[in-house]
Protein chains: 2
Amino acid sequence: MCGHEPGRRRDNRCDCRGARMEGFLQPCLLLLLYEKSTHGYELMESMNRLGLWEGVPDAGAVYRNLRRLEEEGLVRSHWSTSGPGPARRRYEITPEGVDYLHDWAVTIRRNKAALETFLRRYEDIFGQDKEMEKGD
Amino acid sequence: MCGHEPGRRRDNRCDCRGARMEGFLQPCLLLLLYEKSTHGYELMESMNRLGLWEGVPDAGAVYRNLRRLEEEGLVRSHWSTSGPGPARRRYEITPEGVDYLHDWAVTIRRNKAALETFLRRYEDIFGQDKEMEKGD
DNA sequence: ACTCCCTATCTGCTATTTACATATGTGTGT
DNA sequence: ACACACATATGTAAATAGCAGATAGGGAGT
């Protein structure tokens, strides 16, 4: 969850450090697959287009996560040779995957609440307009 | 960012997997230090009390992050022997730390937006009340 | 004195994950 | 033949959280 031109900070490390919410990829994939069974490449594009991910998510991460979801029985896949272009592995969510998605929604609500708690305190001190000043 | 009784899933792994927002500890520490200079132990308690963290954050992580923030010049510290109990290392935020905090606020707003995008789509499908059904 | 517990800090280790780079192969247009 | 977009996969490095455990001071109770 980065989507940067590698901006560097005082310590010469990417300032996206820490911005990543580990595992958020999985519920995103499951949600999109619930809406429409499709293959990895399109899932990547959808995530970017819909604003679920800043920039295009890492292809390696997407494919690996899909494979792992399948190992755990949360999605199923089959090769689809119909249609143009190279063969695609088409994924669909399983009932177990839907359960898992619901669990994740709870977690995500909790995480959002923590971020909101942070931002509430932050804005109490600095105001909501602080980010405007930083438009460089 | 866990704070569970280790609930296990189908794959025998903690279902908090992925719930952790990497690096979120740092902006939390900086924000609290902006509000009040204090020592690691109290920061841990504050994070829990204020709902910035689910449960008490890991002590090792807190102390290590404070040390790293100091290496990077974002906080300063000195030993405080006055007061009861063992010596405490009292931290205070630096001007660079405040800058860093502002950068983080931007990142956190972006992350919150991604979570909201997810939840909006999710709730469009399942409704906001889905989590109620799961009250076990 | 002695033990127990709370406060307080620090370190070692491991599992997991992301981000990046790279490899492989198909089909289409020129 | 060639370039290019589509599509999937793997190797590797860096970083972090979580857990366990070590070290120590100081107060309360016996």
Side-chain angles (χ1 to χ4, degrees), chain A residues 1-7 11-26 28-29 38-47 53-70 72 77-91 111, chain B residues 1-6 11-29 38-47 53-70 72 77-91 111:
Chain A
M1 173 141 255
C2 194
H4 54 205
E5 24 177 346
D11 59 348
N12 204 35
R13 268 184 286 195
C14 175
D15 63 1
C16 303
R17 183 185 52 172
R20 60 202 225 189
M21 280 180 295
E22 280 200 0
F24 185 53
L25 209 53
Q26 291 206 15
C28 287
L29 295 172
T38 185
H39 55 101
Y41 196 85
E42 189 176 310
L43 288 165
M44 270 169 46
E45 288 179 329
S46 296
M47 289 190 62
W53 205 264
E54 203 99 22
V56 180
D58 182 67
V62 167
Y63 290 115
R64 261 194 274 256
N65 270 287
L66 286 170
R67 296 302 281 271
R68 214 181 58 178
L69 288 170
E70 185 162 31
E72 297 173 9
S77 76
H78 60 270
W79 284 101
S80 161
T81 49
S82 69
R88 289 153 291 174
R89 196 189 279 272
R90 182 192 181 81
Y91 286 92
N111 279 230
Chain B
M1 175 143 255
C2 196
H4 52 205
E5 24 178 344
D11 59 349
N12 202 33
R13 268 185 286 195
C14 175
D15 62 0
C16 303
R17 183 184 55 169
R20 60 196 225 193
M21 283 181 294
E22 280 201 359
F24 185 54
L25 210 55
Q26 290 205 17
C28 287
L29 294 172
T38 184
H39 55 101
Y41 197 84
E42 190 177 309
L43 288 166
M44 271 169 46
E45 289 180 327
S46 296
M47 290 190 63
W53 206 264
E54 203 100 20
V56 181
D58 181 65
V62 168
Y63 290 115
R64 261 194 274 256
N65 270 287
L66 286 170
R67 296 302 282 270
R68 215 182 57 178
L69 288 170
E70 186 162 29
E72 297 174 8
S77 77
H78 61 270
W79 284 101
S80 162
T81 48
S82 69
R88 289 151 292 173
R89 195 189 281 271
R90 182 192 182 81
Y91 286 92
N111 279 231

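Note on naming: letters A, B, ... go to the chains in the order of the sequence lines (proteins, then strands), and numbering restarts at 1 for each one. As the structure is a computational prediction, the values presented were derived from the model and not from experiment.
Between B:R88 and D:dG25 there is no side-chain polar atom (N or O) within less than 4.0 angstrom of OP1 or OP2. Within the structure, every side-chain polar atom (N or O) of B:Y63 is placed at least 4.0 Å from both OP1 and OP2 of C:dC10. The shortest distance between the side-chain N/O atoms of A:N65 and the OP1/OP2 oxygens of C:dT18 is below 4.0 Å. The phosphate of D:dT16 (OP1 or OP2) has a side-chain N or O of B:R68 nearer than 4.0 angstrom.
Candidate nucleotides D:dG18, C:dA8, D:dA7 were compared by shortest atom distance to the side chain of B:Y41, and C:dA8 ranks first. The side chain of B:A61 lies closest to D:dA17 when the candidates are C:dG25, D:dA17, C:dC10. Residue B:P86 has its side chain nearest to C:dA8 when only C:dA8, D:dT8, C:dT18 are considered.
Contact of the B:L25 side chain with the B:W53 side chain is registered, since non-hydrogen atoms from C-beta on lie closer than 4.5 Å. Between B:T38 and B:R88, the closest side-chain pair of non-hydrogen atoms is not below 4.5 Å.
One atom, NE2 of B:H39, and another, P of C:dC10, lie 12 Å apart when rounded to the nearest Å. Counting to the nearest Å, the P atom of C:dT18 and the CZ atom of A:R67 are 17 Å from each other. We find that CE of A:M44 is positioned 14 Å from P of D:dA5, with the value rounded to whole Å. Across the protein-nucleic acid pair, B:D58 atom CG and D:dG21 atom P stand 14 Å apart, rounded to whole Å. To the nearest angstrom, C1' of D:dA17 lies 13 Å from CD of B:Q26. Taking atom CZ of residue B:R90 and atom P of nucleotide C:dT7, one finds them 18 Å apart after rounding to whole Å. Rounded to an integer number of Å, the gap from CG of B:L43 to P of C:dA8 is 11 Å. Atom-to-atom, CG of A:L66 to P of C:dT18 comes out at 12 Å; the value is rounded to the nearest Å.
Nearest-nucleotide mapping onto DNA chain D: of B:A59 and A:A87, the residue sitting toward the 5' end is A:A87. Along DNA chain C, the nucleotide nearest to A:G60 and the one nearest to A:G85 differ in position, and the one closer to the 5' end is contacted by A:G60.
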* Run the numbers on A:N111 and B:E54 for side-chain contact (heavy atoms from CB on, under 4.5 Å), then give the verdict. => CA-CA 9 Å; A:N111 279 230; B:E54 203 100 20; over 6 Å; no
* Please report the C-alpha distance between A:R67 and A:Y91 in whole Å, then the side-chain angles of each, then the deciding distance to 0.1 Å, and finally whether the side-chain contact (heavy atoms from CB on, under 4.5 Å) criterion is met. => CA-CA 10 Å; A:R67 296 302 281 271; A:Y91 286 92; 3.6 Å; yes
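Rounding to the nearest 0.5 Å gives a distance of 9.0 Å between CG of A:L66 and CD of A:Q26.
Contact of B:R64 with C:dG12 (side chain to base): a donor-acceptor pair of N or O atoms is detected under 3.5 Å.
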